[in-house]
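Just the heavy atoms: all of them, side chains too, but no hydrogens, waters or symmetry mates, feed the values below. Letters go in sequence order (proteins before strands), and every chain restarts at 1.
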Amino acid sequence: MKNKKKSFGGLGQLTIPVIALCLLVIFNLVRDMLFIYYFKDPNYVSFFSIELTKNNLDNMVFAGNLISIINGASELAILAMGMTLVTAACGGQDISVGAAAAIAGSVFVKIIKMSPWVNGIVVLFAFVCACIVAMIFGSFNGTLVAIFKIQPMIATLILYTCGRSIAYWINGGATPTVSSPVISAIGSFIPGIPIPTPVLIVIAMAIVFKLLFKFTALELFTQSVGINQSAARLNGINSTFIKLLSFIILGVCVAVSGCIGVSRLGLINHETLLLDIEMDTILAVAIGGNNLGGGKFKISGSILGAYVIQMLTITLYSMKVSSTDVKAYKAIVIILLVVIGSPVVKEKFGKLMSKLLGNRSKTAVKGA
Amino acid sequence: MKRFKAMVMAGVLALTLVLSACGAGGGSGSGGSGGLIKVGVINNPPSESGYREANVKDMESVFSQANGYELKTFYSLKNDEQLQAAQGFITEGVDYLLISAAETTGWDEVLTKAKEAGIKVFLFDRMIDVDQSLYEAAVVSDMAKEGETAVNWLLSQNLGTYNVIHIQGAMGSDAQIGRTGALQAQFDAGKMNMVVQQTATWDEAEAKKIVESVINSGADFNVIYAENDGMAKGAVAALDEAGITHGVNGKVVVMGFDCNRWALRELLAGNWNYDGQCSPFQAQIISDIIQGKTTISSKIIINEEKGFDAATLTQADIDTYGLGE
C-alpha cells in the first residue's frame with residue numbers, strides 16, 4: 001500500500017509544484033510555437049530566451065524572463081522557507097511577514113543612513129541589526145503562539161496591523177534612499193558575476209537550511225511537535241521552544257528578504273515594501289504540498305511553490321495581462337492547484353490509478 | 001445632557017468673543033495678543049505621505065511668528081476628531097481657520113459657528129461639501145491639470161514616435177486618475193502608442209517587474225511615464241540592468257511625479273527627464289490673501305502645478321520644491 005502511494009506521480013510531496021511548473025513551461029512553449037510558426041511574428045522573442053547583455057554599470061549580466069522569475073521570486077522563496085518551518089511546528093501561519101520585513105528594511109536603511117560613509121562593514125552591521133530586530137519581533141509572535149497558545153493567525157494579526165506604522169516611525173514619512181555600490185551589488189549584480197545576487201542569496205539560505213537539518217534534529221523535532229504536540233512533549237521535546245525557535249528563524253528570513261527588497265532599488269517605501277507577500281508566502285507553502293495544519297514538511301516544495309507563483313505572474317505579464325487582472329488569474333490557478341493537491345482528490349486519484357493498474361495487471365496475467 | 005451643556009458653554013464663549021472682538025473694533029483680523037494674527041490649522045498628519053509632510057512643514061514655516069502669525073495646529077486622519085478640534089479653535093478664538101478635511105461631509109455646523117464667531121475660514125488641498133458663503137476661499141489642486149502639464153511637456157519634446165510604458169498608481173486614487181487622464185487622451189487620439197499600461201499600485205518593485213517583462217518581450221519603447229517617483233525608480237532599475245540608456249541624451253525618456261528631493265537629484269544628474277508635482281504649497285497663497293496682498297476673483301483657487309525639466313532644473317529648485325530628503 002505504501003508503495004502504491006509513492007507511485008502517485010513518483011515525487012511524493014513535490015508532485016504538485018513540479019506538475020505546476022511543467023504546465024507553465026508547456027503553456028509558454030505552446031505560446032512560443034504559435035507566435036513563431038503560426039503567426040510568424042518577426043519581432044516575437046521567445047519566453048525562454050536568455051541573453052548576456054551589458055548593463056549600465058558595464059557588467060555582463062544575464063537577462064530574460066527566466067532570470068526575471070528566479071530573481072523576482074527571491075524574497076518570496078526565502079520567506080517561504082521560514083514560513084514552512086512555522087507552519088510545520090505551529091499548524092498555523094505568520095501573516096505579519098510583510099510588515100515585519102518593512103520594519104527590518106527600515107532598520108537597515110536607518111543604520112546605513114546614520115553612518116557617514118557606506119562600505120561593506122557598515123552594510124553588514126546594518127543587516128545584523130535588522131536581523132536582531134526581526135528576531136525580536138519574531139519572538140514576540142512566537143511567545144504569543146507558543147506560550148499564550150494564541151492562534152498563529154490572530155497572534156500575528158497584531159504585527160500585521162501595526163508593523164508598517166512602526167516602520168514609519170523608524171524613518172519618517174518620505175521614502176528615504178540609500179545609494180552605494182555595495183547596496184546595488186546586493187540588490188542587483190556583483191560586478192563580474194552575471195547572475196543576480198538575490199538568486200545567490202536564496203541558494204545560500206537553502207544550503208544553510210539543508211545543513212541545519214543535517215546536523216541538528218530540528219527537522220525531526222519540528223515535525224513531531226507539529227504532528228502531535230503532547231506525544232512530542234512526553235518524548236522529551238520542548239514543544240514551546242521549538243515553536244518559538246521556528247518564529248525566530250522566520251525572523252531571520254524576514255530580515256534577509258527585507259534587506260534584499262530595500263537593496264534592489266536603494267529605497268524604502270514602508271507602505272509598499274513586500275506588500276501582500278504574506279499571502280503569496282502561505283500559498284507557496286501550500287503549493288509546495290505542505291500540510292497547512294502542521295506536521296511533515298519539505299522546504300524544497302515551498303521554494304518550488306515560490307517559483308511557480310512568480311512564473312505565473314511573469315507569464316501573465318508577458319502576455320500583457322493587466323496587473324489588476326493578474327491577481328484574479330492567479331487565484332484561479334491556485335484554487336486548481338490546491339484542489340488537486342487536496343487529500344480527497346489525491347485519494348480518489350490514487351484509487352482510480354490502482355484500479356486501472358490492477359485491471360491492467362489482471363489482463364496481463366490473463367494474456368500470459 | 002453633558003453635550004448640551006458643552007454646546008451652551010461654547011455658544012456663550014463664542015458670543016463673548018464676538019462681543020469682545022466688536023468692542024475692540026475688529027481691526028481687520030490683526031486682533032489678538034501682541035498684534036499676532038491667530039491662525040488655527042486643521043490638517044491630516046504628516047505621516048500620511050511625503051506630500052502631507054511637505055504640506056505641514058510649509059504651513060508651519062509660512063505662518064511663523066516671524067511672519068506675524070500665532071499658529072495653532074491639529075493633525076488627524078479622522079473627521080470627527082478634526083471637527084472637535086475646529087470647535088476648540090473657535091472657542092479659543094482664532095482669527096482664521098485653515099482646514100484640510102479628512103472627509104468632505106459634516107462640516108456645516110462647525111463652519112456656521114465659525115462664521116457667527118467672525119472667524120474667516122480657508123480650505124486648502126481638499127474641498128468640503130458646504131455652501132460657498134461659509135468660507136473665504138479654497139486653495140486646491142487640480143489633479144487633471146498636473147497630468148496635462150506633464151503630457152504637454154512630453155509633446156514638446158518632439159520625439160517623432162512615442163512608444164510609452166505607462167505605469168499607474170493605485171487604481172481609483174485621485175492622483176492616479178489625474179495623472180492617467182491626459183496620457184490616456186493621447187493614446188485614444190492615436191498620437192502616442194501604448195506599449196503597456198499597468199498599475200503597480202505605487203509599488204517600486206512591481207514597476208520594475210513590469211518594465212522587465214516589456215524588455216524581455218523585445219518590444220520597442222522610448223518613454224516611461226510612471227505616476228510617482230518610486231515607480232519611476234523601479235522602472236529605471238530595470239533599464240539599468242538591461243543596459244538601456246535613459247534620461248537626458250539617453251534612449252528612454254523617464255518621467256516621474258511627486259518631486260521627492262532624491263528624485264529631483266536624479267533629474268539634476270540627467271538620469272531622468274521630467275518630474276511633475278501636485279503642489280503641497282498653499283500656505284503662501286492664503287497668507288497673501290490674509291494680508292491683503294492679493295485679491296481674489298473666485299472663491300476657488302487652483303494651485304499652480306509645477307513640473308521640472310532636467311534641462312532647466314537647478315539646485316535651488318530642489319531646495320525649494322523638493323519633498324522629503
Give a yes/no verdict on a cation-pi contact between B:K251 and B:F221, requiring under 6.0 Å between NZ or CZ and the six-membered ring centre and an angle within 45° of the axis.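 Yes, cation above the ring, under 6.0 Å and within 45°.
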Under 4.5 Å from any heavy atom of chain A - which part of B:I215: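 Neither part, no heavy atoms under 4.5 Å.
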Given that the side chain runs from C-beta out, which part of B:S217 has a heavy atom under 4.5 Å from chain A: side chain, backbone, both or neither?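 For B:S217, the contact with chain A is made by the backbone alone.
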Output the option from [options] having the highest count of non-hydrogen pairs under 4.5 Å with chain A.
options                : value
B:E241, B:K208, B:K209 : B:E241
B:Q168, B:E212, B:Q198 : B:Q198
B:Q197, B:E206, B:M171 : B:E206

Between [options], which residue shows the highest count of heavy-atom pairs closer than 4.5 Å to chain B?
options               : value
A:V61, A:L267, A:D58  : A:L267
A:N56, A:N55, A:T272  : A:N56
A:S188, A:S318, A:A63 : A:S188

Does the pair B:Y321 and B:F308 meet the rule for a ring-ring contact (aromatic ring centres under 6.0 Å, His included), with working shown? CA-CA 10 Å; B:Y321 299 107; B:F308 296 101; 5.7 Å; yes
Does a sphere of radius 6.0 Å around [atom1] in [X] hold more than 12 heavy atoms from other residues, nucleotides or ligands, not counting ones at 6.0 Å or beyond?
X      : atom1 : answer
B:D188 : CG    : yes
A:Y329 : OH    : no
A:Y160 : OH    : no

Should the ring pair B:W262 and B:W272 be called parallel, tilted or perpendicular, given that the plane angle runs from 0 to 90° and is split at 30 and 60?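 Ring orientation, 0 to 90° scale: perpendicular.
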With under 30° as parallel and over 60° as perpendicular, where do the rings of B:F257 and B:Y274 fit, or are they tilted in between?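 Ring orientation, 0 to 90° scale: perpendicular.
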If you measure from CD1 on A:I67 to CD on A:E51, what distance do you get to the nearest 0.5 Å?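 The CD1 atom of A:I67 sits 11.0 Å away from the CD atom of A:E51.
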Consider side-chain contact (heavy atoms from CB on, under 4.5 Å). Of B:D309, B:V223, B:V253, B:N273, which one does B:Q157 pass it with?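 Running side-chain contact (heavy atoms from CB on, under 4.5 Å) over B:D309, B:V223, B:V253, B:N273 with B:Q157 returns exactly one hit, B:D309.
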Residue [X] versus chain B: region with a heavy atom under 4.5 Å:
X      : result
A:T53  : side chain
A:N59  : neither
A:F189 : side chain
A:V326 : neither
A:N43  : backbone

